[in-house]
Amino acid sequence: MGRSTTTTTTKDAQALFHSLRTAYVATPTNLKIIDLYIVFAIVTALIQGVYMALVGSFPFNSFLSGVLSCVGTAVLAVCLRIQVNKENKEFKDLPPERAFADFVLCNLVLHLVIMNFLG
Amino acid sequence: MAPPETPQPTTLRHAFGNVLSVFVLLLIGVFAFSIRLFSVIKYESVIHEFDPYFNYRVTQYLTKSGVYDFWNWFDDRTWYPLGRVIGGTVYPGLTLTAGTLWRILNSLNIPLSVETVCVFTAPIFSAFASWATYLLTKEVKGAGAGLTAAALLAMVPSYISRSVAGSYDNEAVAIFALILTFYLYIKTLNTGSLFYATLNAMAYFYMVCSWGGYTFIINLIPMHVLLCIVTGRYSPRLYIAYAPLVVLGTLLAALVPVVGFNAVMTSEHFASFLVFIIIHVVALVYYIKGILTPQMFKVAVTLVVSVGLIVCGAVLAVLIALVASSPTKGWSGRSLSLLDPTYASKYIPIIASVSEHQPPTWPSYFMDINVLAFLVPAGIIACFLPLSDASSFAVLYIVTSVYFSGVMVRLMLVLAPAACIMSGIALSEAFDVFTRSIKFQLLGSTENLQVNNAGESTNVAQNDVVKTEKNEDSQKERSSRKSKKKEKESTERVPLVSRIEQKLLVLPLETSLIAVFLLVLLGAFYVVHCVWAAAEAYSAPSIVLTSRSHDGLHVFDDFREAYSWLSHNTEVDDKVASWWDYGYQTTAMANRTVIVDNNTWNNTHIATVGTAMSSPEKAAWDIFNSLDVKYVLVVFGGLVGYPSDDINKFLWMVRIGGGVFPHIKEPDYLRDGQYRIDSQATPTMLNCLMYKLSYYRFVETDGKGFDRVRHTEIGKKYFKLTHFEEVFTTHHWMVRIYKLKSPRNRIRGKTKKSKSKASSTTSSKRSGTRKKNPWH
């Protein structure tokens with residue numbers, strides 16, 4: 001009984017991954033680039049988190065700015081992705097150029113603030 | 001009536017409506033500014049009360065020494081001998097705003113003094129606040145409601161009480177920042193634009209700079225996000241409105257020195273992080289749901305839920321352990337007293353002692369928001385028809401602020417904008433319904449009787465009638481625009497059937513006429529009350545007092561008299577002790593060092609002063625002498641009947657002093673649980689320093705020593721001071737200044753014995769001093 005459920009779950013998981021992959025392959029390239037960027041930012045944040053756990057968060061301002069800059073970048077990129085995604089009907093009348101300009105502005109503000117915490 | 005002609009009038013009417021609303025907004029701004037000038041007209045252009053004096057002093061320093069010196073300012077004139085780092089412990093928004101304003105004006109060759117700029121900062125920002133209210137309400141329920149809400153906010157008494165000219169306090173700019181932040185949040189939520197999200201973070205930054213009440217924002221917005229998620233209203237716009245705000249807002253908040261790393265370390269902010277995680281999970285779920293088939297999604301859910309629950313549980317456990325490990329559960333005392341209204345009175349007498357931290361009474365609701373209290377429920381109902389993201393935010397805002405205003409009087413200020421928005425919506429919707437039915441009814445009757453052309457001419461006349469009916473109510477243009485649309489429909493000869501259908505939605509003519517009349521009357525009552533409150537109740541600067549009696553107007557300018565005496569007759573480095581209420585004023589007006597002030601950051605230090613005030617003369621002299629104090633200042637209202645004097649605050653001094661120094665016991669000062677100063681009072685009370693300094697020589701004024709505040713004759717009338725010397729008493733005896741006598745060179749007899757004797761038996765001490773004291 002237990003064995004059969006585990007086999008069904010693994011089968012389900014395999015089917016799930018398969019369908020996820022096929023669904024994801026269909027997404028446009030520019031969205032994939034954004035996804036890569038997001039993943040990179042999250043991984044950087046995670047590395048810093050691990051480093052903090054190992055070494056400690058002593059220069060707290062550096063830790064804070066490092067992690068929040070990564071998280072902020074990721075969040076803003078997600079926002080950009082939401083806005084330029086053509087499947088989102090809500091943002092049809094928002095041109096991608098405008099979305100990108102907003103993204104750049106928001107990043108500018110974010111990193112101007114981050115710079116204050118360096119050192 | 002030709003079809004191609006119709007679009008032109010609509011655009012024209014639209015443009016006219018826009019111009020009209022801009023004009024109305026301008027008038028509202030002017031009105032908001034001018035209703036707050038009563039204090040200048042009735043008294044003079046002067047800074048009010050206590051905290052504004054500190055802000056004024058900081059602004060002076062800022063304009064004199066520049067921003068960098070301001071950040072590094074260590075103030076050695078307060079909290080002697082500790083001092084206070086001003087730059088790191090003050091919310092800099094207000095001072096920076098006024099300082100910038102002053103700099104701009106000076107660079108334009110408008111030579112205003114710093115004081116003038118400070119006095120008029122609050123009225124200027126209340127005009128801004130009413131415009132921000134317009135924008136916010138417009139996002140929630142349209143321009144008509146926005147104009148009404150702006151007009152209501154411009155004169156709501158609760159806000160006037162904190163923003164009259166001269167009331168130069170944090171709340172003056174903070175309410176504007178609060179409403180602006182909410183507006184930009186709603187705007188981002190409605191448009192989904194990252195640009196507005198950036199602006200929202202900036203507005204939040206300004207709010208954090210200005211007032212500690214920013215924690216209200218950073219808890220209310222997550223609550224709203226959570227509400228949206230739970231009720232299934234999640235949308236990508238919600239993500240764009242919230243996630244950047246948390247990241248940017250937290251970083252910006254940490255930039256403000258007084259907040260610093262508290263922005264990520266204290267529990268006030270944890271709710272936002274929790275919701276930040278939740279919204280990411282939800283966003284991911286919605287994304288996956290979007291790209292998968294429903295069947296596969298179900299499979300994914302069963303897989304993820306089991307794993308996700310375990311992870312969530314682990315994270316939650318860690319968080320709870322972290323929070324629980326700190327003694328106050330990571331909350332500051334003020335926030336805790338908000339969540340648990342009895343907390344402050346149990347543990348922190350210094351918070352409970354401030355009158356604006358007390359829970360409000362019912363009349364104060366009527367005084368402060370007046371008829372809005374009755375309109376708010378209608379507004380809440382209107383928000384549910386139909387419920388949008390924005391209107392659910394408005395409902396959440398009013399509900400939470402009602403609770404907070406019930407805990408502390410001063411948070412009535414947060415309730416006021418919410419009440420104005422709700423009432424604006426209610427009034428606007430009501431007028432909308434009534435005027436529409438009036439139009440429809442009148443139109444229906446005229447059309448039945450007259451031919452088409454004549455009907456149109458009467459329409460114009462009716463327009464005028466409706467306009468004059470509500471010409472003081474600003475949302476007219478929206479409702480009339482709507483009703484005009486209706487008009488057009490019916491003049492274009494709609495089929496009879498549909499007209500009957502519409503008729504079911506309208507009210508009878510007489511009813512709606514009467515209802516409109518009553519609503520206008522209600523508005524008129526509100527205006528009258530607000531102007532009265534602004535003119536009579538909230539304009540007193542509290543450093544200059546007036547009283548009206550049968551023989552004319554009396555002006556009591558004793559405080560400034562005393563402070564200027566201090567600044568002219570004492571050394572620059574002399575230390576002046578008083579109860580903390582008068583600390584800010586003493587440093588700002590007399591420029592003398594004080595022991596404690598209104599900042600109340602060090603409870604022990606305040607308790608020391610409280611203990612001194614409630615000790616007998618000798619012990620008090622020892623305490624004051626150890627603090628280098630030269631002068632002691634007490635405020636006494638017994639002669640003129642000024643109720644908030646030191647004798648009335650005295651029990652708090654005892655309580656706060658006794659909280660740290662247990663030999664001061666509150667029951668010693670009470671006779672059978674009653675606080676009294678007449679002949680029934682306890683000997684401890686009659687011999688404490690506060691009593692003596694207040695009532696010294698008081699009997700000489702009328703021969704009986706009748707206290708006009710307590711309405712009794714004082715208990716102990718004839719006594720002398722051994723260790724203190726009266727140096728100045730103002731014209732109405734409201735401020736009395738005493739100097740500490742320097743210790744005698746030689747004490748006759750056995751030093752130790754006489755000392756203990758003097759402190760134990762007061763009668764012998766008095767008789768002893770009469771003989772021995774070389775000053776008398």
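Residue numbers begin at 1 in each chain, while the letters A, B, ... track the order of the sequences. Computed over heavy atoms, backbone and side chain alike; hydrogens, waters and symmetry mates excluded.
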Could you list the donor-acceptor pairs under 3.5 angstrom formed by side chains in residues 278-288 of chain B, with sequence neighbours left out?
unit_1, atom_1, unit_2, atom_2, d
B/His280, ND1, B/Phe276, O, 2.9
B/His280, NE2, B/Tyr239, OH, 2.8
B/Tyr287, OH, A/Arg81, NH2, 3.1

Next item on the list: Using a cut-off of under 4.5 Å on heavy-atom pairs, state which of B/Thr191, B/Ile291, B/Leu255 scores highest against chain A.
Entry: B/Leu255
Check: chain B heavy atoms under 4.5 Å from A/Leu110: which part of the residue, side chain, backbone, both or neither?
Finding: both
Check: Atom CD of A/Gln83 and atom CG of B/Leu194: how far apart are they, to the nearest 0.5 Å?
Finding: 5.5 Å
Checklist line | Interchain contact, B/Ala254 with chain A, by part (heavy-atom threshold 4.5 Å) | finding: both
Check: Is any side-chain heavy atom of B/Val264 less than 4.5 Å from a side-chain heavy atom of A/Phe60?
Finding: yes
Check: Of the backbone (N, CA, C, O) and the side chain (C-beta and beyond), which part of B/Ser193 lies under 4.5 Å from a heavy atom of chain A, both, or neither?
Finding: both
Check: Counting a contact as any heavy-atom pair under 4.5 Å apart, which residues of residues 66-75 of chain A contact chain B?
Finding: A/Leu68, A/Val71, A/Gly72, A/Val75
Margin query: With rounding to the nearest 0.5 angstrom, report the CG to OH distance, A/Asp102 to B/Tyr196.
Written below: 10.0 Å
Item checked: chain B interface, residue from A/Leu94, A/Val78, A/Thr27 that has the most non-hydrogen pairs under 4.5 Å -> A/Val78
Notebook entry, point to check: In residues 35-54 of chain A, which residues are in contact with chain B at a heavy-atom separation under 4.5 Å?
Noted result: none
Notebook entry, point to check: Heavy-atom count around B/Lys289 NZ within 6.0 Å, excluding the residue itself: above 12?
Noted result: no
Note to self: For the interface with chain A, which of B/Ile240, B/Thr250, B/Val246 has the highest count of heavy-atom pairs at distances below 4.5 Å?
What the structure shows: B/Ile240
Notebook entry, point to check: Distance from B/Phe261 atom CZ to A/Phe63 atom CZ, nearest 0.5 Å?
Noted result: 11.0 Å
Next item on the list: Quick one: pull up CG in A/Leu76 and CG in B/Leu248 and give me the separation to the nearest 0.5 Å.
Entry: 6.5 Å
Checklist line | Interatomic distance, A/Leu105 atom CG to B/Thr198 atom OG1 [nearest 0.5 angstrom] | finding: 4.5 Å
Notebook entry, point to check: What are the residues of residues 18-25 of chain A, in order of number, with any heavy atom under 4.5 angstrom from a heavy atom of chain B?
Noted result: A/Ser19, A/Leu20, A/Ala23, A/Tyr24
